[in-house]
There are 2 protein chains.
Amino acid sequence: MNPGKSPHKASLAKSAGSNLHRKVAQSIGNQILSGVYAPGAILPNEADWCRIYGASRTTVREAVKTLTAKGLLKSRTKIGSRVEPRENWNILDRDVLAWHMASMNPQEFFASVQEVRKILEPEVAALAALNRTPQQLRAISEAFEDMRKAKAGLNSVGPDVRFHLALLAAANNVFLTPFGIMIEAALTNMFEFTSTHNPEPDMFIPKHEGILKAVKRGSAKAARKAALSLLTDTDHTISRIPAKAKKPKKI
Amino acid sequence: MNPGKSPHKASLAKSAGSNLHRKVAQSIGNQILSGVYAPGAILPNEADWCRIYGASRTTVREAVKTLTAKGLLKSRTKIGSRVEPRENWNILDRDVLAWHMASMNPQEFFASVQEVRKILEPEVAALAALNRTPQQLRAISEAFEDMRKAKAGLNSVGPDVRFHLALLAAANNVFLTPFGIMIEAALTNMFEFTSTHNPEPDMFIPKHEGILKAVKRGSAKAARKAALSLLTDTDHTISRIPAKAKKPKKI
DNA sequence: CAATCCTTATTTGTATGATAATTTGGCCAG
DNA sequence: CTGGCCAAATTATCATACAAATAAGGATTG
């Protein structure tokens, strides 16, 4: 796409990862997620990347392997590295999600997340009510207590995240755990998406308590209902964007 | 775990991937997923892996980077590579899922998948009914037609998978697409989990047709109901294992 | 002209050896 | 006992070379 002599300059070093191959992977990953290299496109070859980043081929190759492992690329001899179709991207991977967030309309991102949360979290709560171990219940309970204590300070986001992650873990289904990443990202960055920071904190605590109590006494039905109400009534969420006609789909 | 001179011998070359670093990654990945190296354990260092597999350090490092990118490992200088906790594993990654399936009780795997499918697929169908593009509808429709044609032969698994994947794509939510891997794995290997191969093929086609029609005319409610019935009534699934008391959780 | 085979060029894959950077753990001094 | 300094182990990076795969074009032949 830009095989010229002075390509992107691809600003490195801005992201935190201390290792070079990590930085390179982040940079290339960001470029893919932001559409600089679209699915199907052939990336610059390894030698080019070396020049671009001033790194050794070893380092570049490790970065490429990282991206390949996340489903963004596929390399073949004599061809080079081609960007994989979107459905192969490992979007629930921590890094991929971060890159995705960096180059996406925040409201659209948030709407997509909430759409999935509304589907999953009530059922997750129900499963947790049925399958939780005592230890898992304790983890949920402790997170809730921390939420309550931290109520005064606005930094209740940490315990809040822990609460939802603990709930997810208590559902005891491996295929649900990947969503922790998504939930975490949504909750920790919520203030960036919604205008107000901690919306309706007075409703906030009781609703979480409702989930906790239902899970404690093993009532799937009540847990489902409580979790649903947390995501719909109180809103925590942005109800301005209709979940439906999100985007007419350019194609 | 086995730092002796004659370690695992870790049979390579059995899996298809032609590249060496791929084979090494697969072998180590399998060992992690099968519990040879548990979360928190320190893996052999790079030099050891080189001896074990008879590969160069370059190759071993690329394999390690691959596994790191999938969330199975984390490497630190002077420490080595440590197996990450399970919740960080990228279980919806194609490879990780394959390794997981290779070392798991098939019925437990299938039960977990169906549990998630019952949660998601009705809502996926509903979203598809609301958000599908004409092209996406056509893809669903074509997959269904292929299913019907292939009805005589038992190899309807291909079109069946395509049908569900097309439905998933039509939901138009990036955070749902990762489940395609899981659904694909479940459907293509179903005959290994259930005793009978294509259970109740007479119900099979009409139920899929019900989903298609609902999606076509944009009825979320009907689509949800049809998708749910496909997963509960007909059973496609194994109802012998109660979804609840799966496993008392050894901890 | 058409089809087939062969050569060649390009790109990734693997190997080797060396050096740098990081950090644990122990040693040593106060 | 405490603090800081030193050494060892391990990953991180670099440079170079060769191997393997394969796409593309050219030579050969029908």
Side-chain angles (χ1 to χ4, degrees), chain A residues 1-5 7 10 12-13 15-28 32 37 40-84 95, chain B residues 1-3 7 10 12-13 15-28 32 37 40-84 95:
Chain A
M1 193 171 263
N2 201 337
K5 58 173 71 175
L12 268 205
S15 286
S18 48
N19 295 338
L20 222 193
H21 66 261
R22 215 159 158 56
K23 289 183 192 168
V24 172
Q26 278 184 296
S27 174
I28 301 179
I32 293 174
Y37 300 103
I42 301 284
L43 295 184
N45 62 29
E46 294 172 352
D48 287 338
W49 288 126
C50 291
R51 277 187 289 274
I52 292 173
Y53 293 116
S56 73
R57 219 185 128 208
T58 308
T59 301
V60 167
R61 277 183 62 79
E62 288 184 1
V64 168
K65 284 293 158 293
T66 296
L67 297 173
T68 301
K70 293 178 188 300
L72 299 184
L73 296 182
K74 187 173 273 185
S75 296
R76 283 176 54 197
T77 4
K78 168 73 181 182
I79 302 295
S81 295
R82 163 174 280 123
V83 179
E84 286 274 284
D95 297 320
Chain B
M1 195 170 263
N2 200 338
L12 267 205
S15 287
S18 47
N19 295 338
L20 221 192
H21 65 260
R22 218 162 156 58
K23 289 182 192 169
V24 172
Q26 279 184 297
S27 174
I28 300 179
I32 293 175
Y37 300 104
I42 302 283
L43 295 183
N45 63 28
E46 294 173 351
D48 289 337
W49 287 127
C50 291
R51 277 187 290 273
I52 292 173
Y53 293 116
S56 72
R57 228 188 118 207
T58 309
T59 300
V60 167
R61 277 184 62 80
E62 288 184 2
V64 168
K65 284 293 158 297
T66 296
L67 297 173
T68 301
K70 294 178 186 301
L72 300 184
L73 296 183
K74 185 172 273 184
S75 296
R76 284 175 55 198
T77 357
K78 167 74 181 181
I79 302 294
S81 296
R82 164 174 280 124
V83 179
E84 286 274 284
D95 297 321

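One interatomic measurement links the two molecules: CZ of B/R22 to P of C/dT14, which rounds to 11 Å at whole-angstrom precision. Protein atom CZ of B/R51 is 14 Å distant from nucleotide atom P of C/dT16, rounded to whole Å. In this structure, the CD1 atom of A/I79 is 11 Å from the C1' atom of D/dA24, given to the nearest Å. Rounded to whole Å, the distance from CD on B/E46 to C1' on C/dG17 is 14 Å. Between the CG atom of B/N19 and the P atom of D/dA21 there is a distance of 9 Å, rounded to whole Å. Taking atom CD1 on A/I42 and atom C1' on D/dA23, their separation rounds to 12 Å, with Å as the unit. The CH2-C1' distance, from B/W49 to D/dT10, rounds to 15 Å in whole Å. Atom CZ in B/R61 sits about 17 Å away from atom P in C/dG17, given to the nearest Å.
Out of C/dT24, D/dT13, C/dA21, the shortest distance to the side chain of B/K78 is found at C/dT24. For B/T77, taking side-chain heavy atoms from C-beta onward, the closest of the listed nucleotides C/dT12, C/dA21, C/dT24 is C/dA21. Closest to the B/L20 side chain, of the nucleotides C/dT14, D/dA23, D/dT13, is C/dT14.
In this model, the phosphate group of D/dC14 is approached by a side-chain N or O of A/S56 to a distance below 4.0 Å at OP1 or OP2. At least one side-chain nitrogen or oxygen of A/K65 sits closer than 4.0 Å to the OP1 or OP2 atom of C/dG13. For B/R57 and C/dA15, the shortest distance from a side-chain N or O to OP1 or OP2 is not below 4.0 Å. Applying the 4.0 Å criterion to OP1 and OP2 of D/dT13, one finds that A/H21 has a side-chain N or O inside that range.
Judged by atom type and distance alone, A/R76 does not reach the base of C/dG13 through any side-chain donor-acceptor pair under 3.5 Å. Between the side chain of B/T58 and the base of C/dA15, at least one donor-acceptor pair of N or O atoms lies under 3.5 Å.
Side chain of B/K70 to backbone of A/A69: a donor-acceptor contact under 3.5 angstrom is found. Between the A/R82 side chain and the A/K74 main chain, no donor and acceptor come within less than 3.5 Å of each other.
In this structure, OG1 in B/T58 is found 8.5 Å from CD in A/E62, a value given to the nearest 0.5 Å. Note that CG of B/L72 and OG of B/S81 are 11.5 Å apart. Values are rounded to the nearest 0.5 Å.
At a threshold of 4.0 angstrom between heavy atoms, the contacts of B/T59 are confined to the sugar-phosphate backbone, with no base atom among them. Heavy atoms of A/A47 sit nowhere under 4.0 angstrom from any nucleic acid atom.
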Begin from the C-alpha positions of B/I32 and B/L73 and carry the test side-chain contact (heavy atoms from CB on, under 4.5 Å) through to its verdict.
CA-CA 9 Å; B/I32 293 175; B/L73 296 183; 3.7 Å; yes
